[in-house]
There are 2 protein chains.
Amino acid sequence: MNIKDVADRSGLPAKTIRYYEEIGLIRPLRAANGYRSFRESDLHKLTFLSRARSLGFSIEDCRTLLALYEDRARASADVKAVANAHLARIAEKIAELRAMEAALRHLVGACAGDARPDCPILAGLETGLPQTGQTGSGGTR
Amino acid sequence: MNIKDVADRSGLPAKTIRYYEEIGLIRPLRAANGYRSFRESDLHKLTFLSRARSLGFSIEDCRTLLALYEDRARASADVKAVANAHLARIAEKIAELRAMEAALRHLVGACAGDARPDCPILAGLETGLPQTGQTGSGGTR
DNA sequence: CTTGACCTTCCCGTGACTGGAAGCCCTATA
DNA sequence: TATAGGGCTTCCAGTCACGGGAAGGTCAAG
């Protein structure tokens, strides 16, 4: 198979496949004309990589997972450990984003969004964020 | 003020402050010896930037927000629009991460995590993800 | 023999910095 | 006065995971 074939079948752009070769994730053969020649096993790996990446695993995680994938003597515990570490990172990111979302939503909720210049969003960015709002109806400042 | 002072007071690394000057977010004065000389207004801007960045606004968003911050004739609606667009991006990212989390949690839940090589996580990455599990008790492969 | 699709390598750009090298400036102390 | 230290400067390279595009080789069809 040429690169376009495996690109179409794995769902990865040809550019990405070349990159994966460059960083040593795959090692396709070469035809006499210099073209990459992909085996079924290469296609399997690329599909694997495509899916692992879509779950947010880093390239280094993918390298590890791919090694485990190819190691018939692996322990599923090793795979699970990588996955759990990644789950933890995902949870962390979600928590960060939710904190941002809450703080920003709070500011947005306080902003009239009209033609006047008074803006609690800018005020919040100026003076230090959420502080549980409650600027008071009298609004100091 | 020298760069270290504004770094300490704004919470931004000196490197970042130099970078922000390079991309035109701030324009500190220069002393005779070539050192950057920061005014109070520069410090305000840096603090503003630090907070906006911590809410996840992109540098380009920050540029826009900073311009609005400095424009006394601004309409709060313009600020709110930027903030709402960012809120939408945050919500989108959270949704993506949650989808990853759900898919991965599903796989992890099915994995024994012991010394044996059989691993539903690797199987899931190989064959195409969630498919509501149910590999059948006979377990092909 | 030309067209057009495919393939190759190489280099630059992305976002938002971070690290480090090489070298100037300033203050304090011996 | 010499020196040690800390701070400041610029510039270059690296990060992560690619994507865009140039310049040029290859192949099958008409």
Item to complete: With axes from five pairs an end, tell me the bend angle of the helix from C:dC1-D:dG30 to C:dA30-D:dT1, nearest 10°.
Response: 30°

Item to complete: Using heavy atoms to find the nearest nucleotide of DNA chain C for A:Ala14 and B:Ser58 separately, return the residue whose nucleotide is more 5′.
Response: A:Ala14

Worksheet item: Is a salt bridge present between B:Glu21 and B:Arg30, judged by a nitrogen-to-oxygen distance below 4.0 Å?
Response: yes

Discussion item. From CZ of B:Phe38 over to P of D:dG7, roughly how many Å is that when rounded to an integer?
Written reply: 15 Å

Worksheet entry | Co-membership, hydrophobic cluster, residues B:Ile26 and B:Tyr35, 4.5 Å side-chain | no

Response to the item:
Between CZ of A:Arg89 and P of D:dC16 the distance, given in whole Å, is 13 Å

Item to complete: Give the rounded distance in Å between these two atoms: CZ of A:Arg18 and C1' of D:dA22.
Response: 14 Å

Worksheet item: Hey, where on DNA chain C does chain A first and last touch, going 5' to 3'? Cut-off is any atom under 4.0 Å from a heavy atom.
Response: C:dC6 to C:dC10

Worksheet, complete the sentence: Partner of B:Cys62 under side chain to side chain contact (heavy atoms under 4.5 Å, CB included), picked from B:Leu55, B:Val82, B:Leu49, is B:Leu49

Worksheet item: Within the structure, does a side-chain N or O atom of B:Lys4 lie under 4.0 Å from either OP1 or OP2 of D:dG7?
Response: yes

Practice prompt. Evaluate the side-chain contact (heavy atoms from CB on, under 4.5 Å) criterion for residues B:Asp5 and B:Phe38: first the C-alpha distance (whole Å), next the side-chain angles of each, then the deciding distance (0.1 Å), finally the verdict.
Written response: CA-CA 9 Å; B:Asp5 303 316; B:Phe38 296 86; over 6 Å; no

Practice prompt. Rounded off to whole Å, could you give me the OH-to-C1' distance for the A:Tyr19 and D:dG19 pair?
Written response: 12 Å

Worksheet item: So does B:Tyr35 reach the base of D:dG7 with its side chain, donor to acceptor, closer than 3.5 Å?
Response: yes

Practice prompt. Given side-chain contact (heavy atoms from CB on, under 4.5 Å), test B:Phe57 with A:Leu104 step by step and report yes or no.
Written response: CA-CA 10 Å; B:Phe57 283 104; A:Leu104 193 51; 3.8 Å; yes

Worksheet entry | B:Asp5 CG - D:dG6 C1' separation (whole Å) | 13 Å

Worksheet entry | Pairing of B:Glu60 and B:Arg63 as salt bridge, 4.0 angstrom limit | yes

Item to complete: Under 4.0 Å between any heavy atoms, over every strand shown, what does B:Phe57 touch: base, sugar-phosphate, or nothing? Just pick one.
Response: nothing

Worksheet item: If only atom types and distance count, is the side chain of A:Thr47 paired as donor or acceptor with the main-chain N or O of A:Leu43 below 3.5 Å?
Response: yes

Worksheet item: Separation of B:Met1 atom CE from D:dG7 atom C1', in whole Å?
Response: 17 Å

Discussion item. What contact category does A:Ile23 fall into here, base, sugar-phosphate, or nothing, at under 4.0 angstrom with non-hydrogen atoms?
Written reply: nothing

Item to complete: Verify the contact: side-chain N or O of B:Arg36 to OP1 or OP2 of D:dT10, cut-off strictly under 4.0 Å; return yes or no.
Response: yes

Worksheet entry | B:Arg116 and B:Asp114 ion-paired at < 4.0 Å | yes

Fill in: Between P of D:dG19 and CD1 of A:Ile59, the distance in whole Å
11 Å

Discussion item. Whether the side chain of B:Arg36 engages the backbone of B:Ile3 through a donor-acceptor N/O pair (distance < 3.5 Å, no angle test) should be reported.
Written reply: no

Worksheet item: Reckon A:Arg53 has a side-chain N or O less than 4.0 Å from the OP1 or OP2 of D:dC18?
Response: yes

